[in-house]
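Comments concern the structure below.
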Number of protein chains: 2
Amino acid sequence: MDMAVVPSSATGGRRVPGVRGTGGPPRRLSREDWITGALEAIAAGGLAAVAVEPVAARLGATKGSFYWHFANREELLTAALLVWEQRGTAEVIDELEAIADPALRLRALFARAFGATVTGSVEAALLADAPSPLVAPVLERVTQRRLEYLERIYSALGQPAPQARGRAVLAYTTYLGLFSLRRAAPTAVTEKGLSAALEQFLASPPEAGGTPSEE
Amino acid sequence: MDMAVVPSSATGGRRVPGVRGTGGPPRRLSREDWITGALEAIAAGGLAAVAVEPVAARLGATKGSFYWHFANREELLTAALLVWEQRGTAEVIDELEAIADPALRLRALFARAFGATVTGSVEAALLADAPSPLVAPVLERVTQRRLEYLERIYSALGQPAPQARGRAVLAYTTYLGLFSLRRAAPTAVTEKGLSAALEQFLASPPEAGGTPSEE
DNA sequence: GGCGTTCCATACGGTGCCGTATGGAGATGA
DNA sequence: TCATCTCCATACGGCACCGTATGGAACGCC
């Protein structure tokens with residue numbers, strides 16, 4: 001679900017910005033460069049870490065550059081969140097749609113989701129900053145879309161609507177919980193535990209049939 | 001005689017601080033008052049909201065008071081986190097130990113946990129600030145203790161050790177996930193979903209016995 | 001090689017917070 | 001009543017960041 005923080009903006013072989021600090025010949029920055037810098041800052045320290053001057057320093061520039069591309073800090077944040085939202089929805093789902101079999105698709109989804117790392121993750125940082133009025137609507141949309149998508153897969157697997165919804169929510173709750181648990185007590189998250197959770201949400205529900213079948 | 005308009009400080013029922021702002025006669029603050037104020041600030045806006053001057057204003061005092069009771073901001077944070085940790089471990093567990101039957105105890109625990117509200121919760125805020133070096137160790141200890149406690153209950157219910165651990169981690173993960181989900185998409189957390197999750201972790205595990213018994 | 005446009009560095013004022021210094025008020029005991 | 005200890009308000013300097021103003025460098029175009 002999460003993504004690597006931004007592939008740099010196709011500059012042939014040229015010197016990418018971002019810590020161009022020492023030695024690099026000064027290059028001009030694009031709006032996208034700043035968005036990339038903002039997303040990196042978010043991954044590193046949350047919204048609060050997106051401060052104009054520090055990000056500028058990291059990009060090897062100054063505020064003068066920033067305020068030419070953006071009206072203010074909030075505009076940068078909004079733009080960065082928009083980019084994250086679009087990538088987080090389109091990309092992942094498109095990639096999974098390539099898999100025809102719903103069961104395999106679900107497995108691929110979980111493998112990707114539960115394998116995501118926390119440190120340096122934009123998603124983890126945004127979850128932490130969820131109460132922010134800038135983040136809240138973005139997070140809400142992304143979450144709803146993911147839940148609907150999960151529900152659709154469960155439905156395709158033959159679950160009736162209410163159960164499909166319930167299992168989707170429960171699975172996603174576990175996904176979110178793993179983010180928190182990894183930060184709260186990293187040692188508690190074991191490989192065994194992960195695969196157990198994975199099987200849990202891949203198998204048919206316990207309350208549906210009589211005997212729990214192992215797939 | 002300093003007969004002021006307002007009744008002097010010897011008026012039986014003492015005037016508690018905290019928003020004593022308008023009209024209240026100035027009262028002296030204790031170290032505990034500041035810790036309470038800090039915890040309220042954390043619940044409202046996380047660690048970042050614990051700023052000396054704003055908290056002082058909310059308590060109807062100034063920095064002068066604060067820096068007499070504490071060396072600096074960090075000392076206040078540490079003290080507040082310690083109080084939270086002690087309350088979070090001792091109190092809850094003691095209360096639950098009163099219940100003899102492990103099954104009922106587990107139910108009471110989940111009812112309490114899943115019913116917890118998020119808004120204004122110190123716990124939710126600390127989870128968001130988990131990466132902070134001040135919060136991390138506290139959160140880690142609390143999490144480990146809770147996991148061990150959960151595991152013990154599952155063991156008392158007859159689960160073999162590995163399963164008990166696994167179910168404890170999974171249940172706690174769901175608990176944490178609900179915090180995130182409530183903030184990310186509040187409408188997705190329904191009463192039905194909650195009770196479904198609850199039954200899930202109260203019933204015997206699908207892979208252990210043959211038929212899932214409804215308690 | 002001049003010229004306009006694009007982009008940016010520097011300097012500046014403003015704000016919110018931290019921590020210190022200091023004088024003084026309020027309680028307390030002799 | 002006076003001396004002392006406890007607690008606190010105010011004033012001050014410093015830091016990090018925001019946003020503005022302005023002059024000038026880099027670049028595209030003719």
Side-chain angles (χ1 to χ4, degrees), chain A residues 9 11-12 14-15 17-18 20-22 24-38 41-42 44-80 132 134, chain B residues 1-4 6-11 14-18 20-22 24-38 41-42 44-80 132 134:
Chain A
S9 58
T11 49
R14 252 178 314 249
R15 177 172 301 279
R20 87 176 172 209
T22 36
R27 215 209 87 210
R28 302 182 109 157
L29 299 179
S30 68
R31 195 178 160 93
E32 284 66 39
D33 292 329
W34 283 99
I35 292 179
T36 302
I42 289 177
L47 280 208
V50 183
V52 176
E53 276 146 328
V55 172
R58 189 169 162 68
L59 291 177
T62 65
K63 305 191 301 183
S65 169
F66 175 80
Y67 284 101
W68 192 90
H69 291 285
F70 298 88
N72 50 35
R73 193 184 96 110
E74 184 173 331
E75 188 179 315
L76 171 62
L77 287 175
T78 311
S132 155
L134 260 56
Chain B
M1 304 305 185
D2 57 330
M3 286 309 262
V6 287
S8 68
S9 61
T11 54
R14 259 184 311 270
R15 178 170 300 277
V16 298
R20 87 177 172 208
T22 36
R27 214 210 87 209
R28 302 181 106 152
L29 299 179
S30 68
R31 196 178 159 92
E32 284 67 39
D33 292 329
W34 283 99
I35 291 179
T36 301
I42 289 176
L47 280 208
V50 184
V52 176
E53 277 146 328
V55 172
R58 185 165 164 71
L59 292 175
T62 65
K63 303 193 300 183
S65 170
F66 175 80
Y67 283 101
W68 193 91
H69 291 285
F70 298 87
N72 49 35
R73 192 184 97 111
E74 184 173 331
E75 187 180 314
L76 171 63
L77 287 175
T78 310
S132 155
L134 261 55

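In what follows, every chain begins at residue 1, and chains take the letters A, B, ... in the order their sequences are listed. Every value quoted in this text rests on a predicted model; they were computed, and no experiment measured them.
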Residue B:Ala61, side-chain atoms from C-beta onward, closest of D:dC17, C:dA9, D:dA9: D:dA9
Spacing of A:Trp34 atom CH2 relative to C:dT6 atom P, expressed in whole Å: 19 Å
Comparing A:Ser65 and B:Val52 on DNA chain C - which has the more 5′ nearest nucleotide: A:Ser65
Near-strand residues of residues 66-75 of chain A, defined as heavy-atom separation under 4.0 angstrom from DNA chain D: A:Tyr67, A:Asn72, A:Arg73
Distance, rounded to the nearest Å, where B:Leu76 contributes CG and C:dC17 contributes P: 15 Å
Partner set under side-chain contact (heavy atoms from CB on, under 4.5 Å) for B:Glu53, not counting sequence neighbours: B:Lys63
Whole-Å distance separating the CD atom of A:Glu53 from the P atom of D:dA16: 10 Å
Euclidean distance, atom CZ of residue A:Arg27 to atom P of C:dA9 [Å, nearest integer]: 13 Å
Any residue meeting ring-ring contact (aromatic ring centres under 6.0 Å, His included) with B:Tyr67, in chain and number order, not counting sequence neighbours: none
With B:Glu32 via side chain to side chain donor-acceptor pair (under 3.5 Å) - residues at least two apart: none
Minimum-distance nucleotide (side-chain atoms of B:Thr62 versus D:dA9, D:dC18, C:dC17): D:dA9
Spacing between B:Arg31 atom CZ and D:dT6 atom P, to the nearest angstrom: 16 Å
Side chain of B:Arg28 (C-beta onward), nearest among C:dC8, D:dC7, D:dC17: D:dC7
Any residue meeting side chain to side chain donor-acceptor pair (under 3.5 Å) with A:Ser132, in chain and number order, not counting sequence neighbours: none
Residues which pass salt bridge (Lys or Arg N to Asp or Glu O under 4.0 Å) with A:Glu75, listed by chain and number, not counting sequence neighbours: A:Arg31
Test item: side-chain donor near acceptor, A:Ser30 and A:Asp33, under 3.5 Å: yes
